[in-house]
*Asks:* 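Below is one structure. I have some questions about it.
All figures in this text were calculated on a predicted structure; none of them were measured in a lab. Below, each value reflects all heavy atoms present in this structure, side chains not excepted, and no hydrogens, waters or symmetry copies.
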Amino acid sequence: MPADSSGQDLEPFYASDYFEPLYQYALQLIRKGKAYVCDHTPEEVDEMRGAPDRPGRESAYRGRSVEENLDLFQRMRTGEFPDGARTLRAKIDMSAPNVWLRDPVLYRIRHASHHHTGDCWCIYPMYDFAHGLSDYIEGITHSICTLEFEVHRPLYEWILEALELPRVHPRQREFARLNVTYTIMSKRKLLRLVEEGHVRGWDDPRMPTIAGMRRRGYPAEAIRDFCDRIGVAKRENMVQLALLEHCVREDLNRRAPRTMAVLRPLRVVIENYPEGQVEEMEAVNNPEDSSMGTRRVPFSRVIYIEQDDFREVPPPKYHRLSPGREVRLRYAYLITCTGVVKDPETGEVLEVRARYDPATRGGNAPDGRKVKSTIHWVSAEHAIEAEVRLYETLFEVENPDDVPEGRDFTQTLNQASLEVLRGCRLEPSLATLGPGSRCQFERLGYFFVDPDDSAPGAPVFNRTVTLKDTWARIQSRQH
RNA sequence: UGGGGCGUGGCCAAGUGGUAAGGCAACGGGUUUUGGUCCCGUGAUGCGUAGGUUCGAAUCCUGCCGCCCCAGCCA
């Protein structure tokens, strides 16, 4: 982190901003006799490096004079030599047990334009050379990186100590990277998902990127809470997705207004409810926060309920609607199913018939009788339509990186990670919800109004996360 | 077989000589007009393993075992 991290607009920093000072440091290294220009081919360098358990051999150019090195390096910069012809190498120790100390390459020739510096340079510093010095230039005190750079630390420190750097040196410290089940974190692999079209972009709601999580509807506070809970350590780890989802639910449970939406509509006709009558039912916006108030939801003779909330032949422990059974319509009435209308051809249930108890307005029976279930609903004539996108994990295995030799992580992609539902019916109050808003669809989950794909009158909702679903667990246990 | 790291319940993770925090998950129970929320309860005689030091060890010492990283002119 920068020592002076007062303003956010300081970031981001690029190593390419320091190419000139970096070059000057390289010159200084040469003058001190700690770096030399090497003419060996990449293959020769590779071979001469030796192996972890076998020392390497010194470059034939290791003994060049300071003057010659200076001259050659400057000419490397002016573009006199082709790619790969020469490199600048640190003069350390070809028999060091740590292979990164065996005269590592500091600069190589690349006649390529850079996305920040254009064609200013044809020599570019290697990571190890640029890293510590960039940190030093920026006044960084602690340079945090991942475990695989642990073996580079001696080189990081060697470079800083080899030069005349009066200020306090930055210190590199390594920690385990964050891994989460059912996803990948590698930028290189994420790039492939984008380039190969497995997702719709870096901000696809299934991506574990900040942009993706934001578009999914994960609140920043929930992500920070997640980070606080998992901690930072050196142990390789794989955090369960369930913890992240828990943090999201906990945050949204407090803040998200409750609404009713039917994703897979099933028409219900309430036979004894007067044709043409409409009642405004009062619903609370958030049982966790009474300051969020109440709203009115229109109720009428024909409503939609969730297909999942009706079963013609109910399985064990199923509490919802089925023929002869009474349930509560949230904030409305108790209704009893009297029958179904089926497609004569396919046998598919097209419509459910029911009768309501006029004495149960608001959902309570004066005689005190109980129902086992409360289901959500939407008045057919008042409902608005919307597209809803349901997301599952991007991969179907906990650790997509753990693929057998020769196989590719894309082969474990979850083909059902995105399900688009059109013609979903929402309570009318949802019409005024702006892009980027969050709400709970009662009993279903938390949803986010997609800022990019929503249009006036045609909202698109992304499912951020489902609610915990005990019924789903019971079902999976039965199977 | 060289070097560097890491091993505490299913998953994370505190603890750094004084007798194993916490969270998630799981399981049981209570409340409930969301099978949501909330509340209560249940787990390591044990900290990779074997010895040693100590009144006392997850913490100190030694051996062993396991896992990860390093031989790019990538980062």
*Asks:* What integer distance in Å separates A:Arg229:CZ from B:C12:P?
*Replies:* 17 Å

*Asks:* Which nucleotide sits closest to the side chain of A:Arg443: B:G2, B:G23, B:G35?
*Replies:* B:G35

*Asks:* Give me the distance, rounded to whole Å, that separates B:A26 from B:C65 when you measure between the P atoms they each carry.
*Replies:* 39 Å

*Asks:* Would you measure the distance from the P atom in B:A75 across to the matching atom in B:G63 and give it in whole Å?
*Replies:* 39 Å

*Asks:* Looking at the base of B:G36, is there any donor atom on it, or on the side chain of A:Gln440, that sits under 3.5 Å from an acceptor on the other one?
*Replies:* no

*Asks:* Could you tell me if the side chain of A:Leu29 sits less than 4.5 Å from the side chain of A:Leu106, heavy atoms only?
*Replies:* yes

*Asks:* Specify the separation, in whole Å, of atom CD of A:Glu236 and atom P of B:C11.
*Replies:* 14 Å

*Asks:* Say you pick atom C1' in B:G3 and the same atom in B:G17; how far apart are they, in whole Å?
*Replies:* 32 Å

*Asks:* Hey, does the side-chain of A:Glu174 have a donor or acceptor N/O within less than 3.5 Å of a partner on the base of B:G4?
*Replies:* no

*Asks:* Taking the minimum atom-to-atom distance to the side chain of A:Pro287, which one of B:A71, B:A75, B:G36 wins?
*Replies:* B:G36

*Asks:* Heavy atoms from C-beta onward define the side chain here; which of B:C12, B:C27, B:G35 lies closest to that of A:Trp471?
*Replies:* B:G35

*Asks:* Report the distance from atom CG of A:Asp251 to atom C1' of B:U37, rounded to the nearest whole Å.
*Replies:* 14 Å

*Asks:* If I pick the P atom on B:G72 and the same atom on B:U59, what distance separates them, to the nearest angstrom?
*Replies:* 39 Å

*Asks:* Identify, with sequence neighbours excluded, every residue that meets side chain to side chain donor-acceptor pair (under 3.5 Å) alongside A:Ser300.
*Replies:* A:Ser379

*Asks:* Could you please name the partner base of B:U34, counting Watson-Crick and G-U wobble pairs only when both distances are under 3.5 Å?
*Replies:* none

*Asks:* So which nucleotide from B:G36, B:C12, B:A71 ends up closest to the side chain of A:Asn237?
*Replies:* B:C12

*Asks:* Just wondering, do A:Asp408 and A:Arg192 contact through their side chains at under 4.5 Å, heavy atoms?
*Replies:* yes

*Asks:* Can you check the A:Ile474 CD1 to B:C27 P distance for me, whole Å?
*Replies:* 10 Å

*Asks:* Considering only atom C1', compute the distance from B:G23 to B:G9 and round it to an integer number of Å.
*Replies:* 13 Å

*Asks:* Relative to the 5' end of RNA chain B, which residue comes earlier, A:Thr470 or A:Gly231, by the nucleotide with the nearest heavy atom?
*Replies:* A:Gly231

*Asks:* For the residue pair A:Asp357 and A:Arg369, what are the closest heavy atoms and their distance?
*Replies:* OD2-NH2, 2.8 Å

*Asks:* What is the base-pairing partner of B:G2, counting Watson-Crick and G-U wobble geometry with both distances under 3.5 Å?
*Replies:* B:C70

*Asks:* So which nucleotide does B:C55 pair with, by the Watson-Crick or G-U wobble rule with both distances under 3.5 Å?
*Replies:* B:G18

*Asks:* Please determine, for B:G7, whether a Watson-Crick or G-U wobble partner exists with both distances under 3.5 Å, and give it or none.
*Replies:* B:C65

*Asks:* Kindly point out which of B:A25, B:G5, B:A75 is positioned nearest to the side chain of A:Ala242?
*Replies:* B:A25

*Asks:* Expressed in angstrom and rounded to an integer, what is the separation of A:Ile230 atom CD1 from B:C24 atom P?
*Replies:* 15 Å

*Asks:* Return the nearest nucleotide to the side chain of A:Met126; candidates are B:C12, B:C74, B:A71.
*Replies:* B:C74

*Asks:* When only distance counts, do a donor and an acceptor, one from the side chain of A:Arg320 and one from the base of B:G35, lie under 3.5 Å apart?
*Replies:* yes

*Asks:* Partner lookup for B:U42, please. Criteria are Watson-Crick or G-U wobble with both distances under 3.5 angstrom; report none if nothing qualifies.
*Replies:* B:A26

*Asks:* Could you tell me whether the phosphate oxygens of B:U37, OP1 or OP2, come under 4.0 Å of any side-chain nitrogen or oxygen in A:Arg254?
*Replies:* no

*Asks:* Minimum heavy-atom separation for A:Ala26 to A:Tyr107, with atom names?
*Replies:* CB-CE1, 3.7 Å

*Asks:* By the definition ring pair (Phe, Tyr, Trp, His ring centres under 6.0 Å), identify the one residue from A:Tyr304, A:Tyr333, A:Tyr356 that meets it with A:Phe299.
*Replies:* A:Tyr333

*Asks:* Between P on B:U32 and CZ on A:Arg328, what's the gap in Å once rounded to a whole number?
*Replies:* 11 Å

*Asks:* Would you measure the distance from the P atom in B:G7 across to the matching atom in B:A14 and give it in whole Å?
*Replies:* 10 Å

*Asks:* If each of A:Asp469 and A:Arg108 is mapped to the nucleotide of RNA chain B with the nearest heavy atom, which maps nearer the 5' terminus, i.e. the 5' end?
*Replies:* A:Asp469

*Asks:* To the side chain of A:Asn253, which of B:A75, B:U37, B:U34 is closest?
*Replies:* B:U37

*Asks:* Output the single nucleotide from B:G36, B:C73, B:G2 whose closest atom is nearest the side chain of A:Asp53.
*Replies:* B:G2

*Asks:* What nucleotide among B:A75, B:G3, B:A25 has an atom nearest to a side-chain atom of A:His152?
*Replies:* B:A75

*Asks:* Would the base of B:U8 count as contacting A:Arg235 through its side chain, where contact means a donor and an acceptor less than 3.5 Å apart?
*Replies:* yes

*Asks:* Less than 4.0 angstrom between a side-chain N/O of A:His246 and OP1 or OP2 of B:C24, yes or no?
*Replies:* yes

*Asks:* May I have the distance from A:Tyr14 (atom OH) to B:A75 (atom C1'), rounded to whole angstrom?
*Replies:* 16 Å

*Asks:* Mind checking the C1' distance from B:A25 to B:G43? Whole angstroms is fine.
*Replies:* 13 Å

*Asks:* What nucleotide among B:G3, B:G72, B:G35 has an atom nearest to a side-chain atom of A:Val151?
*Replies:* B:G3

*Asks:* Rounded off to whole Å, could you give me the CD-to-C1' distance for the A:Glu148 and B:C70 pair?
*Replies:* 11 Å

*Asks:* Under 3.5 Å, is there a donor-acceptor pair between the side chain of A:Lys234 and the main chain of A:Leu147?
*Replies:* no

*Asks:* Looking at side-chain heavy atoms only, is the closest gap between A:Tyr331 and A:Val297 below 4.5 Å?
*Replies:* no

*Asks:* Say you pick atom P in B:G28 and the same atom in B:G18; how far apart are they, in whole Å?
*Replies:* 39 Å

